[in-house]
Amino acid sequence: MIALIIRDVRLGIRSGGSGLIGVLFFLSVVAVTPFAIGPDLNLLAQIGPAILWIGALLASLLGLDRLFQIDLEDGSLDVLVLARHDQPLALTVFSKCVAHWLITGLPLVIAAPLFGILLNMPLEATAATTATLLMGTPAITFIGAMGASVTATLPRGGLLVSVIVLPFVIPVLIFGVQAALGATLAGVPFMQPFLFLCATTLFFCVLGPLSAGYALRQLEG
Amino acid sequence: MIALIIRDVRLGIRSGGSGLIGVLFFLSVVAVTPFAIGPDLNLLAQIGPAILWIGALLASLLGLDRLFQIDLEDGSLDVLVLARHDQPLALTVFSKCVAHWLITGLPLVIAAPLFGILLNMPLEATAATTATLLMGTPAITFIGAMGASVTATLPRGGLLVSVIVLPFVIPVLIFGVQAALGATLAGVPFMQPFLFLCATTLFFCVLGPLSAGYALRQLEG
Amino acid sequence: MLIGAMKWDDMRLVVEDLYVSRGGRTIFEGVRFELARGQGLIVTGPNGAGKSTLLRAIAGFLPLDRGSVSVLPNADPVWVHAHFLNTFNAMKTALTVAENLSFHQQFTGAAALGVEDALERVGLLHVLDNRFGDLSTGQRRRVALARLLLNHRPIWLIDEPTTGLDKASEATFARILAEHLNGDGLVVAATHLPIDVPGVKSLRFEEAPV
Amino acid sequence: MLIGAMKWDDMRLVVEDLYVSRGGRTIFEGVRFELARGQGLIVTGPNGAGKSTLLRAIAGFLPLDRGSVSVLPNADPVWVHAHFLNTFNAMKTALTVAENLSFHQQFTGAAALGVEDALERVGLLHVLDNRFGDLSTGQRRRVALARLLLNHRPIWLIDEPTTGLDKASEATFARILAEHLNGDGLVVAATHLPIDVPGVKSLRFEEAPV
Amino acid sequence: MSHMTFVLLSYGITILILGGLVAWLWLDASATRADLARLETQGVKRRSEVS
Amino acid sequence: MSAPRKPSGFGALANPTRFMALSAKILPWLWGIASLLIGVGLLWAWNAPEDYQQGITVRIMYVHVPSAWMAMFIYMVLAVSALGVLIWRHPLADVSIRAAVPLGAAFTLICLITGSLWGRPMWGTWWVWDARLTSVFVLFLMYLGIFALQRAMDDPVKAARPAAILVLVGVINIPIIRFSVDWWNTLHQPASVIRFDGPTIHPTMLWPLLICGIGFTVLFFAMHMLGMRNIVRRRRVEGLRRAGTRDATAKPMRVIVEEGGTS
Ligand code: HEM
Ligand SMILES: Nc1ncnc2c1ncn2[C@@H]1O[C@H](COP(=O)(O)OP(=O)(O)OP(=O)(O)O)[C@@H](O)[C@H]1O
Ligand SMILES: Nc1ncnc2c1ncn2[C@@H]1O[C@H](COP(=O)(O)OP(=O)(O)OP(=O)(O)O)[C@@H](O)[C@H]1O
Ligand SMILES: [Mg+2]
Ligand SMILES: [Mg+2]
């Protein structure tokens, strides 16, 4: 398990900045927003969390489609599937998700505070958003694993995976933005949606690997 | 040349990237936004163009970074490069770009009006956005091709790509959005950014293939 | 792996009346054989006959139309006890040979040889720190073979193990195979190139007479 | 292609004093040979000796430390006249065999055989409409070989053409090779498996550099 | 627009979509039936020749 | 994995053949009942009293609500069929999914369109990003997603299991969306969200509504069955065509096992 995580992280770093691409995409999302909604700073600050979340959400779709394809193409998926007695497939998928998140998700979380400043969000809003991203982005990866597993046999499922994944991540997005707003806006609770967010993540961190593992065992019908 | 375009489009479709899926992809991206920024229609209408443009950027980035990688891995890149006497590499790259745009950019342009309604953007805004997308999205592809060629040639190219690509892409994004807004918002010019957009596209539709073609010939060592 | 270790001495791989189809077409019918410890089976036949399909079916990657594959005495599924080597090498080109091998060592239980020793066996110790992607075709294949030595698995299912190998390496591999068999291993190998290992069974695919 | 066609009758592939290094290591030094029309060169040697490197250098994929490769009489670069077949198959798994081949036919100039005829030659007409990804290892390689017949290129640079082929197909390919040579073609082939084509030169790498 | 138009529109569109579906299914049915009949009568041929 | 399974290809068609025979008998009746119910329901609906606050537009309800129900019901049909694919390995389960997905999408689309046609006069806008609306929209997206996945893989046999898995995971998505929706509703924006609960329905409206609902359901089953028949037929056609290639007609290879000397 650890071995797999280490390998995938190494790969991510070696093959060069899939993480960075995500961050830069994230950046470009943040960059265009002011032009879109005009100079109104309050408004900007107000929808800041939403923008950050959309950016992070879409950014973490990058590279998701390759999650299992690479292993399928060079034959290592056979090894992973064959070893399912020593290490259950769900666990294998889980490890790959962790690695993928470390490469693509974590950089986004780290970058978020800076971008918060760009959107001149109040400090606690930035903090809250970062916290929600930290809790929320893993869920996206886990859901993504499910999408990636059912499209693994397709050479390049990029768009398709996103289409499959997006409906599922909506609750995550909702709770995330909610909690982020809760930190600043009066009358909006923070804890409640935040806990829901954590719950959702936990839920998918079980469902995602299980379903993906099951799908991977069915690849050759 | 035609042959290459046909092949890549086929490939895109087979591997889950048909026009239908392209449209679906943007539908889901658009559908996700209101969940984040809430149901305020005016706000939605305002950032509508930005959302579409961001969607376009994401769609292009998905899979664009591997534009040549795929051909490298299965050995067909050797064939493309070897044939550079019958068909100059720049032309080859150009064809691949066209194919990629047909799969990712075109569906968006066609479906844009529909999205305009969903985000209840005013008519001329929708029209303007569609126009800017039509003129602008090719630029993203051509710029991306430059990056992709580097990824294919250098083992660690990934980092470079993002560094190369996004500095060029962000301005395109911004001008696109501005032009789109220019159609409706008072005080924001339409023609000026729009013309700039066209200029960029033309510029990169020459520079992109040329530089990418050059990079590909430097394959090893 | 304990399961394997426990019943080690009287382990048998039993394939009974196997029917497998692919893409809606039946590839082979009623394949049956049995291997005891120390026995090997060489699968030969023309291209597209079904050698790889047979191996994948045994390894449990393909649904069986009919028949069964199991490891007696206690009817474990094959994948509990088996190494599977497909025609790809299951290595990451971006990582070094050492990184690739040590991953496999840690990922699959029951460590046997160390990474260096395994490489030594295939005579490639000098590429330990090269990117796998910088190796030559045959070197890659030999590294992939070294993987089998990293972890102890009684059953080896190997598909065209010697493709791209030079004469010397073919001999080396034949030796490795023989040792595995003498060490009470079981081997099913699909190949076009004769592997000279004494006293192995053979399974031949032939055009059915029309 | 015209260039090639014009000077067709006295075409010569000349390799002079070739030095190539990879990853900072010199792979071979001072390789020199010359092929006239109808002549073939079989390159052999241990794994990692430099066979593929030599082919890639000739095809112009690698920078030359020293020496030159050219096609006389009018010193064209090799890639104007050559087919190059690397150890991969240059086919898309998602497309059918027919789609793959007809792409190559249209993309590379000077059409020779039609797609179906070329497949017929390698005895795989029946997989015309199968996904390439659904073919067996050897079937894939044979389709890749069929590509060489689609377009007329006098010079063939082929790397381990017969890996994964069954005995029958090896013979078929030997025949194809012989015909190409009789048709005034030039061939440089790297291989471990003996290819029995009468009267070809051979270039042997003795010891793999360590 | 009067409310009536909305009602009629919605009924119309519903009928259009459902009717379209049914029509498509029927056409498809006859088409496949025809294909099957043809193949079964003419017997087995190489695929590239069939259609 | 190594559990014995029914032979795919021609062998598996025995069961479908029975289905073809049976459905051929049932189908006409289904069409009849469906058209009857829907006809009666709509006529009754037309004569039902107008709603005091919604006026004549309430008539939209009789197509809107049933289609909304169908949108959700059909997904459940999908889910059951998915179980059929993955667990019982029934050869028709996959066919059922393929036939049902477009229908589900269609009914969802009708729900959306009639809804917004209703919304225009009632709420003064075609579309609101309101909870229920959006959730239906997402459901629509999910139907299309499954459809896309099926079409992306050229070999239906290979597409069956992934699609089934996606369907099953999607089941969880429906309640999730519906719940999360409430949270999302309480967003801060002075939203133009119309809090909408259906009018307390008066029996004179309820009856025709129910009849229409049943009618739509029967209609769905009729279309579903016809769709399945088409797919079964098309697969036979494909089978015959594939049989046209020598590869497929070629008998499976003969297998000869020989003992070697003992090592
Ligand atoms: C695009 C817009 C709309 C969509 C997507 C939509 C969707 C739905 C759905 C999914 C249901 C079924 C709820 C359930 O049974 O669980 C429903 C029921 C209903 N809708 Fe709509 N609706 C829309 C617009 C409207 C409008 C504008 C009205 C009237 C002003 C309306 C009135 C009703 C009524 C009366 C019911 C039945 C009562 C109930 O089940 O709550 N809908 N709608
Ligand atoms: N994924 C697949 N889907 C459908 N058919 C397949 C698939 N893989 C292989 N086949 C078909 O099954 C048959 C047997 O393939 P297999 O790979 O077992 O042959 P093989 O004996 O290994 O041949 P080779 O010597 O070339 O490796 C071939 O006709 C091939 O076309
Ligand atoms: N891209 C590369 N970068 C650095 N070194 C390389 C690269 N490719 C190959 N080499 C090294 O160059 C040497 C020759 O490789 P080459 O592929 O030519 O061997 P070969 O004769 O083809 O061997 P084989 O019979 O296994 O194909 C090997 O030692 C290999 O490690
Ligand atoms: Mg094989
Ligand atoms: Mg080589």
Side-chain angles (χ1 to χ4, degrees), chain E, chain F residues 27 31 34 38 42 45-46 50 54-64 66-67 99 102-103 105-107 109-111 113-122 216 219-220 222-227 229-249:
Chain E
M1 287 196 283
S2 89
H3 287 181
M4 195 57 183
T5 41
F6 287 103
V7 178
L8 293 180
L9 253 181
S10 51
Y11 276 71
I13 290 177
T14 308
I15 291 166
L16 209 70
I17 294 180
L18 292 183
L21 262 181
V22 174
W24 171 69
L25 285 168
W26 275 112
L27 293 180
D28 199 22
S30 48
T32 43
R33 206 182 283 111
D35 275 5
L36 198 52
R38 202 178 72 250
L39 278 170
E40 272 163 352
T41 51
Q42 97 189 145
V44 168
K45 286 174 83 181
R46 270 213 37 247
R47 175 173 178 174
S48 49
E49 296 163 23
V50 177
S51 74
Chain F
L27 211 42
W31 290 120
I38 295 178
L42 288 187
W46 209 250
E50 295 189 359
Q54 311 206 343
I56 187 171
T57 56
V58 77
R59 301 234 159 96
I60 299 181
M61 178 172 71
Y62 300 103
V63 287
H64 169 73
S67 52
L103 301 181
F107 278 106
L109 186 63
I110 294 179
C111 172
I113 293 177
T114 54
S116 37
L117 276 172
W118 201 353
R120 186 65 193 170
M122 287 297 104
F216 272 46
L219 178 64
F220 158 70
M223 292 196 287
H224 188 217
M225 194 167 279
L226 182 54
R229 287 173 62 83
N230 293 346
I231 295 174
V232 170
R233 277 223 191 77
R234 193 172 304 109
R235 290 197 178 172
R236 273 188 195 156
V237 171
E238 274 311 309
L240 283 174
R241 291 211 173 131
R242 233 191 293 108
T245 67
R246 265 187 288 125
D247 200 21
T249 44

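What's counted below: heavy atoms across the whole structure, side chains too, no hydrogens, waters or symmetry copies. Reminder, nothing fancy here: chain letters follow the sequence lines and each chain counts from 1.
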S.K.: What part of W26(E) gets closer than 4.5 Å to chain F, counting heavy atoms only: side chain, backbone, both or neither?
M.R.: both
S.K.: Taking atom CE of M4(E) and atom CZ of R59(F), what is their separation to the nearest 0.5 Å?
M.R.: 7.0 Å
S.K.: One thing to verify: whether R234(F) and D28(E) come together as a salt bridge, which I'm taking to mean a side-chain N less than 4.0 angstrom from a carboxylate O.
M.R.: yes
S.K.: Calculate, to the nearest 0.5 Å, the distance between atoms CD1 and CD1 belonging to I110(F) and I17(E) respectively.
M.R.: 4.5 Å
S.K.: So, do V22(E) and W31(F) sit near enough that their side-chain heavy atoms are less than 4.5 Å apart?
M.R.: yes
S.K.: Under the salt bridge (Lys or Arg N to Asp or Glu O under 4.0 Å) test, which residues partner R233(F), sequence neighbours left out?
M.R.: none
S.K.: First locate atom CG of L21(E), then atom CZ of F220(F), and finally report the distance between them rounded to the nearest 0.5 Å.
M.R.: 11.0 Å
S.K.: Mind checking what makes ring-ring contact (aromatic ring centres under 6.0 Å, His included) contact with Y62(F), not counting sequence neighbours?
M.R.: none
S.K.: In Å and rounded to the nearest 0.5 Å, what is the CD1 to CG distance from I13(E) to L117(F)?
M.R.: 5.0 Å
S.K.: Looking at CG of L27(E) and CG of N230(F), how far apart are the two atoms once the value is rounded to the nearest 0.5 Å?
M.R.: 10.0 Å
S.K.: Using a cut-off of under 4.5 Å on heavy-atom pairs, state which of L109(F), L42(F), I38(F), L219(F) scores highest against chain E.
M.R.: L42(F)
S.K.: Heavy-atom distances under 4.5 Å only: say whether L8(E) touches chain F with side chain, backbone, both or neither.
M.R.: side chain
S.K.: Distance from T32(E) atom OG1 to E238(F) atom CD, nearest 0.5 Å?
M.R.: 12.0 Å
S.K.: Going by heavy atoms in the side chains, are M223(F) and L18(E) under 4.5 Å from each other?
M.R.: yes
S.K.: Looking at every non-hydrogen atom in both residues, tell me the closest pair between S10(E) and T114(F) and how far apart they are.
M.R.: CB-CG2, 3.9 Å
S.K.: So which heavy atom on L226(F) is nearest to which on L25(E), and how close?
M.R.: CD2-CB, 3.6 Å
